[in-house]
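Step one of this worksheet: look at the structure below.
Source: prediction; values computed, not measured. In what follows, every chain begins at residue 1, and chains take the letters A, B, ... in the order their sequences are listed.
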Amino acid sequence: MAERYDHDKVELKWQKIWEDAHCFEAKNDYTMPKFFPLIEFPYPSAQGLHVGHPRSNTAMDILARKRRMEGYNVLYPIGWDAFGLPTENYAIKTGAHPAKVTFENANRFRQQLKRLGFSFDWSREINTTDPSYYKWTQWIFLKLYEKGLAYKAEIPINFCTSCKVGLANEEVVDGVCERCGGTVIQKVRSQWMLKITEYAQRLIDDLDDLDFIERVKIQQKNWIGRSEGAEITFPIEGYPEGLKVYTTRCDTLFGATYMVVSPEHPIVEAMKDTIENMDEVRAYQQAAARKSDLERSELNKDKTGVLLKGLKATNPVNDQPIPVWISDYVLMGYGTGAIMAVPAHDERDWDFAKKFNMPIIEVVAGGRDVQEEVYTDVESGILVNSGFLNGMHVKDAIAAMIDWLEEKGLGTRKVNYKLRDWVFTRQRYWGEPIPLVNCEKCGWVPLPYEELPLVLPEIEDYQPTDDGSSALARATEWLKTTCPCCGAPAVREADTMPNWAGSSWYFLRYCDPHNDKELASKEALEYWMPVDWYNGGMEHTTLHLLYSRFWHKFLYDIGAVPTKEPYQKRTSHGMILGENGEKMSKSRGNVVNPDDVVNEMGADTFRMYEMFMGAFDQPIPWSTTGARGCRRFIDRVWRMQDMVSDVEGIRPEMMATVHGTIKKVTEDYEAMKYNTAIAAMMTWVNEIYNAGSVTKEEFHTLLTLLNPVAPHITEELNEILGYTQPLYATAWPTWDENALVKNSIEYGVQVNGKIRARIELPADMAKEEVEAAAKAHADVVPFLEGKTVRKVIVVKNIVNIVVG
RNA sequence: GCGGGAAUGGCGGAAUUGGCAGACGCGUACGGUUCAGGUCCGUAUGCUGGCAACAGCAUGCAGGUUCAAGUCCUGUUUCCCGCACCA
């Protein structure tokens, strides 16, 4: 009898063997077929590994292990995305150096990941905070700068009035500071920006050729937010350039009864001598600037605004004079910062018109009384009160109006995007220094490439300064330098890069992590790129995924990488929730520590349960008793060693099960249907227990299929069975379709669609005979008595007798 | 408000192109092994009625298409996620 399975002993034994054998390291043999699976590299936090990490890691580990067994050269890498706020905040609190904190946290993460038996190539481990890594992050930034894609702009940042710290958007939750709950206001600062908007169209178009799950494609497209419309200029007396507006509904131009500009619109300053009520207008502008994010975005809030008295604007389509208002419901950051208001056919304009008693003119018929209800339908509306557009459908009218506007020189076709340029600076210490210096004579000057990396200096106090600058602003010695251009005294940039920088290209570094000449060699990139399969969280769809696609396209444009896109395939896992069905968090007290699970049940059980608990892409609550069920299965597999019979090969009665399971498991792994793959193996084991014995070859096949999920116990049993070749070096089994063909079929016999009997018949029996056998079945006969058989359908494994 | 996803037993979830709903696991009940069990083995387990054979009802709700619907169509409710005054 086998001893009770000791998971600690077996798992640590095999982890050591794998490490000594270097068997999971990618080979530099570029003639082999390659497979490059990728998980989002973790942020090494002080809390250690979370149960969410292993879900993605295990899923990709299964594929990595399977593909190795199929003969692929697999690059399954790991590293640390280690710059960022939690570490810096911890440093501020404790005084420990962020680099030291990062080092310790990474050590703990590494130890935890190794204990779970992931087949990472540890020889290629990277860390974004390592100067030899961020040298290349800085290099990419300089290239962007060189090509005019990085520029400095005065833009408002989130500023916590209580911590006196600039915050990233993600750190502002419901309009208040995530850390202290203090009020967050907008503070204008000079910031480095990256022109991601220049890539907007390509970021949409190139999605077509990628194997991304549909949700991701849709979210990216929505985030980029392309819209087609027209830019129309409204003449204004005393303002020669006129007031430009952007609209997607130029068909409604006849219904424009007023205009609105955003509080920041330059026309106010330009026309300050003409505007009669400047005091009132200035007061409104200031009030708008003071509003917090929360107030500005509050739903259903009352529209506010002030009429710009004295401005004389004209509707270009009918030369009617129309008033101009200022209101914060118009955003400076989108379109032209000014709109034509068509209250009859736009909800916001309608609300505003009702509040300020502006006229509402119907120009699209099809709705109810526009004085009572706004009508925005574009599918069935017909133009009225619109001169030459009268009688047209909305879509035709839009086309006709654009043609007319272009012909008269009053407007142009225009595509707009919601996507904004990427605010690329943070007023923080723990990030990549920006390799630019400011010279009084030469302006901003890039460091020469050979001076990279520009290393982050040692400082005493990581707290940002009172005016919201980075702590580096106090590192006076470091800041002082000379201009690389003219040699005069100059000052370094004190802001650092956001933590999205290092993660925007890390997969490239994995291809050639120790290269000190370039970010990775051409040969390595040509062989390994693109990433074949990238799995990660949906929360990264619009930020990390979009940013890294943008950087990659830029690198492609300058010839630094061989592919247009970084990732060929993108999938996503569902979040693991607490046992109570809520999101796991310390405050809810429902956090499951992976260490505890591994201690009690072992890594194999933990991995298996994370894959078995439910559909991979769905969020799912953790269940410790459910995990124990997987441990029971592991134990059952362990005890099978006492059931091995002397019979050679695969028993004929087991052929269909063995080959069916090989097929099912092989296909389900690739489709990320891990739960049903495991269920199929459980079914097989149940069958073996019912039979009371198993042959060595059957057992070996099961172990091979199970190995990617539960690599430790399967290797141990493989050894116990006497196989000298470890499973990781064993070929993945193949199935024989012929073995799946059954010589009999169990038909379900229905009468009027209701199942009445089951009948086992030879597979090659003719339909007429099947029909006859079904009709003659004792359980069926009573339902046919006194009825006329109108029709009989025999298909697949169903016989349906229709009677009436 | 807009966009996306989901709804199946006590629970997590399975169900090729429409083809025997509830695989697999958890939980529960009973039986067995054991000095013992938070062990193991076996049996049962959608609901209702019936001792039973069996019958009826069942995939959020209401209709429809079909020999046949969890799956397709129309309408509707609830929940989750993302975006949110984007003109």
Side-chain angles (χ1 to χ4, degrees), chain A residues 4 213-219 221-223 225-227 229 245-250 252 260 262 296-301 303 327-331 333-342 345-349 351-352 376 416-420 538-539 541-542 574-575 577 581 583 608-609 612-615 617-630 632-633 635-636 639 667 673 675-686 689-690 746-759 779 782 790-804:
Chain A
R4 189 173 155 40
I213 51 172
E214 208 49 38
R215 274 196 298 167
V216 169
K217 287 191 181 183
I218 290 166
Q219 271 192 35
K221 283 183 190 164
N222 289 348
W223 185 263
R226 182 183 204 272
S227 79
V245 303
Y246 174 73
T247 178
T248 53
R249 291 292 306 277
C250 63
T252 61
V260 188
S262 81
R296 271 194 101 141
S297 65
E298 212 175 312
L299 199 65
N300 293 332
K301 73 166 196 241
K303 295 276 185 290
S327 171
D328 65 0
Y329 86 89
V330 174
L331 310 172
Y334 183 76
T336 60
I339 62 155
M340 64 175 207
V342 185
H345 307 294
D346 181 280
E347 220 164 306
R348 296 147 302 179
D349 298 345
D351 290 345
F352 191 86
T376 56
N416 257 330
Y417 302 93
K418 286 192 214 173
L419 185 70
R420 311 292 162 79
M538 281 306 290
E539 70 274 19
T541 302
T542 48
M575 195 188 299
L577 309 170
K583 199 171 166 177
M608 175 178 272
Y609 177 60
F612 180 65
M613 59 198 302
D617 58 352
Q618 296 298 122
I620 188 146
W622 178 270
S623 157
T624 298
T625 51
R628 292 203 180 101
C630 286
R632 257 197 284 275
F633 173 73
D635 283 333
R636 275 162 78 81
R639 287 193 306 269
E667 290 175 351
K673 289 163 82 174
N675 52 339
T676 49
I678 293 167
M681 290 185 279
M682 287 174 165
T683 306
W684 184 6
V685 170
N686 289 345
Y689 268 71
N690 287 337
E746 196 195 35
Y747 287 91
V749 183
Q750 299 176 333
V751 179
N752 285 346
K754 279 203 163 98
I755 190 83
R756 297 299 179 186
R758 285 164 226 283
I759 178 169
D779 292 344
R790 300 199 185 281
K791 202 172 175 185
V792 179
I793 289 115
V794 180
V795 62
K796 276 193 196 172
N797 53 351
I798 289 286
V799 181
N800 192 8
I801 304 168
V802 185
V803 298

Check every strand shown and say whether [X] touches a base, only sugar-phosphate, or nothing at a heavy-atom separation below 4.0 Å.
X	answer
A/N222	sugar-phosphate
A/G629	sugar-phosphate
A/I339	base
A/K673	sugar-phosphate
A/S227	sugar-phosphate
A/D635	nothing
A/A615	sugar-phosphate
A/I620	sugar-phosphate
A/E214	nothing

Does [X] have a side-chain nitrogen or oxygen under 4.0 Å from the phosphate oxygens OP1 or OP2 of [N]?
X	N	value
A/N416	B/rA87	no
A/K754	B/rC57	yes
A/R4	B/rC40	no
A/R632	B/rG27	yes
A/R628	B/rG27	no
A/N686	B/rG25	yes
A/T542	B/rC83	no
A/R636	B/rC41	yes
A/Y334	B/rA87	yes

Return the nearest nucleotide to the side chain of A/M682; candidates are B/rC24, B/rA87, B/rA23.
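The listed nucleotide nearest to A/M682's side chain is B/rC24.
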Between [N] and [M], how many Å separate the two [atom1] atoms, rounded to a whole number?
N	M	atom1	answer
B/rG3	B/rG10	P	35 Å
B/rG31	B/rA69	C1'	41 Å
B/rA53	B/rU33	P	29 Å
B/rU66	B/rA55	P	28 Å
B/rA52	B/rG60	P	30 Å
B/rC61	B/rA68	C1'	23 Å
B/rG9	B/rC57	C1'	14 Å
B/rA7	B/rC54	C1'	33 Å

Nearest heavy-atom contact between A/E746 and A/N797 is O-CB, 3.7 Å
Would you say A/V803 and A/V751 make side-chain contact, with heavy atoms under 4.5 Å?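 Side chain of A/V803 against side chain of A/V751, heavy atoms only: contact under 4.5 Å found.
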So A/Y747 and A/I798, do their side chains get closer than 4.5 Å, heavy atoms only?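 A side-chain contact under 4.5 Å is absent here.
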* To do: Would you kindly give the CZ-to-C1' distance between A/R226 and B/rA87, to the nearest whole Å?
  =>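 The answer, rounded to whole Å, is 17 Å.
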Between A/N800 and A/I793 (side chain of the first, backbone of the second, donor and acceptor by atom type, cut-off under 3.5 Å), is there such a pair? no
Does any N or O in the side chain of A/Y246 come within less than 3.5 Å of the main-chain N or O of A/Y334, such that one atom is a donor and the other an acceptor?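 It does not hold such a pair.
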Original post:
A/Y329 vs A/F352 aromatic rings, parallel, tilted or perpendicular, using cut-offs 30° and 60°?
Top reply: tilted
Any strand is fair game: report the nucleotide pairing with [N] by Watson-Crick or G-U wobble, both distances under 3.5 Å, or none.
N	value
B/rU71	none
B/rA44	B/rU28
B/rG3	B/rC81

Regarding B/rG32, purine or pyrimidine glycosidic angle vs 90° from 0 gives anti
So, applying side-chain contact (heavy atoms from CB on, under 4.5 Å) with A/V260, which one of A/V330, A/V245, A/D328 is it?
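Filter result, single survivor: A/V330.
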